[in-house]
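Per chain, numbering begins at 1; letters A, B, ... match sequence-line order. Values below: every heavy atom of this structure, side chains too, minus hydrogens, waters and symmetry copies. Given the structure is predicted, the values throughout are model-derived calculations rather than measurements.
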Number of protein chains: 2
Amino acid sequence: MKFESATIKDIALKLNLSKSTVSRALRDSYEISEQTKKLVLEYAKKINYRPNPIALSLKERRSHTIGIVVPEFSNNFFSQAINGMESIAYSSGYNVIITQSHESYDREVINVEHMAYRSVDGLLISVSVETENYDHLKKLHERGLPIVFFDRIVEEIDTYKVVCDNFKGAYDATTHLIKKGFKNIAHITSAEQMFITQKRLEGYRKALEDNKIPFQPHLIQYCVHGGKITKEVEDAITSLFKKKIKPDAILSAGDRITTVMLPIMKKLFSTDHKIAYMGFSNSDLTDLFCPSLSVIRQPAFEIGQAAMEQLITIIESKRPIKEFTTKTFESSIIIKESTN
Amino acid sequence: MKFESATIKDIALKLNLSKSTVSRALRDSYEISEQTKKLVLEYAKKINYRPNPIALSLKERRSHTIGIVVPEFSNNFFSQAINGMESIAYSSGYNVIITQSHESYDREVINVEHMAYRSVDGLLISVSVETENYDHLKKLHERGLPIVFFDRIVEEIDTYKVVCDNFKGAYDATTHLIKKGFKNIAHITSAEQMFITQKRLEGYRKALEDNKIPFQPHLIQYCVHGGKITKEVEDAITSLFKKKIKPDAILSAGDRITTVMLPIMKKLFSTDHKIAYMGFSNSDLTDLFCPSLSVIRQPAFEIGQAAMEQLITIIESKRPIKEFTTKTFESSIIIKESTN
DNA sequence: GCTTTAAATGACATCGATTGCGTAAAATAA
DNA sequence: TTATTTTACGCAATCGATGTCATTTAAAGC
């Protein structure tokens, strides 16, 4: 099955003109007489001519298309960020194509390369939890593909980055829990090598320190798959509650972990088991939970917008950009019943 | 900023061979001597040569890429369906690019055309709630672009379709509510012209009829934006409760409406206001709600898989397919506290 | 040693659109 | 009327890869 489309050649043949003339007529060139232009335009309209973007991409080496790679759509942070990106892209005349890495390094590499070689003009990416080797991105970046990182950034590649103040988010949340009187605050977090994991942990530790609460390493649990595998979260929880000093509060890093953790807690403990929850989450549904969830919410839409703006800046810049900045947004903590 | 990549020409120049020879060597043609092949392959590897897919698409008129258009990622049904699609596509050697229509007809048209003209080999689409005119799809379909519809199908275009038994889903849910003793079951649903809206309404009515409960038109509320605009759901609810006979249960059609409805109800009525809820939803979080939500759940992943399988069948079929079928999946109703 | 044949490679057109350069015809200037 | 400038268009190369056809070279056949 093939899909045929009208070409410049078809028009040229029909009107007894050369391809060049038709092309120029369509682009309203001054070299073409009004009469011919009219003729061409009318016929083009009649047969519903559209320039073949593939041919254009080949010729012009750009596609007016921007590639986005995120771990998962089902994570609200990412779907909201994508919405922000789309809003900017569309108003700037770019199209957007989106893929998910499913937190898999291999899938990420395939998606990134597929997009790059399909002539996206630039790439917005939040790396997968598995990604520790950045060669696939470095290679493209060195060859001049504009890349902007957001949220899960890659420190060692020098380009624009857009993040949330993860340190402060974790710090504020932990401080809130401390003020509420919780002493043994567990932190269930994502893979250790991730930059945001480190920042959040730092925020958590600093809040403890500032409040003179000793840091207890056993209260930190890493989920190497970022909570994608339910079992790892279950293991994390089990291991937390096996210890002599049991946590009275849990701070979770990441939408996925937050929402996977709750049913597990419900399953493992009776409902009256009093423990405080707080987590990073951009879900709109946490208000409906029992108890309603205190969350650290990131301005995902705005982060997406900023990242797209930066990317378009690079793409449209005449000369290579040397000085890159990292834009940081503030997260907000929203207090509900789960930390009362 | 431009992104340069090694080409066959580069290899040919370097090795003093013609482009044809290099091309053939890379494709391991029998016409090329082992020696030359080795030479070419080694150099190609060294400079990290990759065939330019744009050039290939132009030549071969296919891209090994499949386009997916959904209303929104944040709707779990769609993100799960996409996961199913991806799983099949990847194992069949296709890449996938995804766009959202945001329930906007205009955006849908732009996205569909962008993909078609960018040489996707086929299209999987669930139309936006606004879409009443199908010319953009008909046009492409007539020109031979393989299209498969899923969930929100277009009746009048003859191709493979994959749906859920919406009639039965609504019938079963309504029957459950009736059995639980509810008499005034409201139905808040999506735009009236949508096929699935009609089917769900039919299921609802049939259940009433089978149980000898009179159908009350004022209990039906349409949300023309599918719940995307909070206000329309609020208006729907307000208008339901303005009537003399107030509903004792609400059946909602669609993830969005379900999750938007609940906070509104909370806001409008006191918590002890006893009313039953049941809705179509594929969210994983409805168990955590207060009360936990009875839902009609669709096998989204399997629907996605089936749709992708059908599409690949069309793409890879040697002769045009004449006989199209519609694959129907069963939804399941999951009973929780909200209908007790 | 000359012809036949197979093996290995090159030249060129193609996909669709753009663009620099060349040129015929028409318009203007001399 | 001849020279010069415009106007309006065509030719051909280009982007990267493929494939048809032709050509070179070497090996085999007689």
Using a strict threshold of under 4.0 Å (side-chain N to carboxylate O), is an ion pair present between R24(A) and E31(A)? yes

In whole angstroms, how far is the [atom2] atom of [N] from the [atom1] atom of [X]?
X	N	atom1	atom2	answer
K9(A)	dT18(C)	NZ	C1'	16 Å
E34(B)	dA7(C)	CD	C1'	13 Å
L17(B)	dG10(C)	CG	C1'	10 Å
I32(A)	dT19(C)	CD1	C1'	12 Å
E60(B)	dG16(C)	CD	C1'	15 Å
R118(B)	dG16(C)	CZ	P	15 Å

Give the angle between the helix axes at the two ends of the helix from dG1(C)-dC30(D) to dA30(C)-dT1(D), taking five base pairs at each end and rounding to 10°. 70°

As a test of reading the structure: which of [options] is closest to the side chain of [X], going by heavy atoms?
X	options	answer
P51(A)	dA8(D), dG10(D), dA17(C)	dA17(C)
R24(B)	dA11(C), dA17(D), dA17(C)	dA11(C)
K59(B)	dT14(C), dT18(C), dG10(C)	dT14(C)
Y49(B)	dT19(C), dC12(C), dA17(D)	dA17(D)

Taking NZ in K37(A) as the centre, count heavy atoms belonging to other residues, nucleotides or ligands within less than 6.0 Å. Is the count above 12? yes

NZ/K138(B): more than 12 non-hydrogen atoms of other groups inside 6.0 Å: yes

Please confirm whether the backbone N or O of P53(B) pairs with a side-chain atom of H64(B), one donor and one acceptor, at under 3.5 Å? no

Take L58(B) and Y30(B), find for each the nucleotide of DNA chain C with the closest heavy atom, and name the residue whose nucleotide sits nearer the 5' end. Y30(B)

Which residue lies toward the 5' end of DNA chain C, T36(B) or N52(A), if each is placed at its nearest nucleotide? T36(B)

Aromatic ring proximity H141(B)/Y134(B), centre distance under 6.0 Å: no

Cation-aromatic face contact R152(B)/F195(B), 6.0 Å, 45 degrees: no

Regarding K19(B), tell me which of base, sugar-phosphate or nothing describes its non-hydrogen contacts under 4.0 Å with the strands shown. base

Residue pairs fulfilling ring pair (Phe, Tyr, Trp, His ring centres under 6.0 Å) with at least one residue in residues 31-52 of chain A, sequence neighbours excluded: none

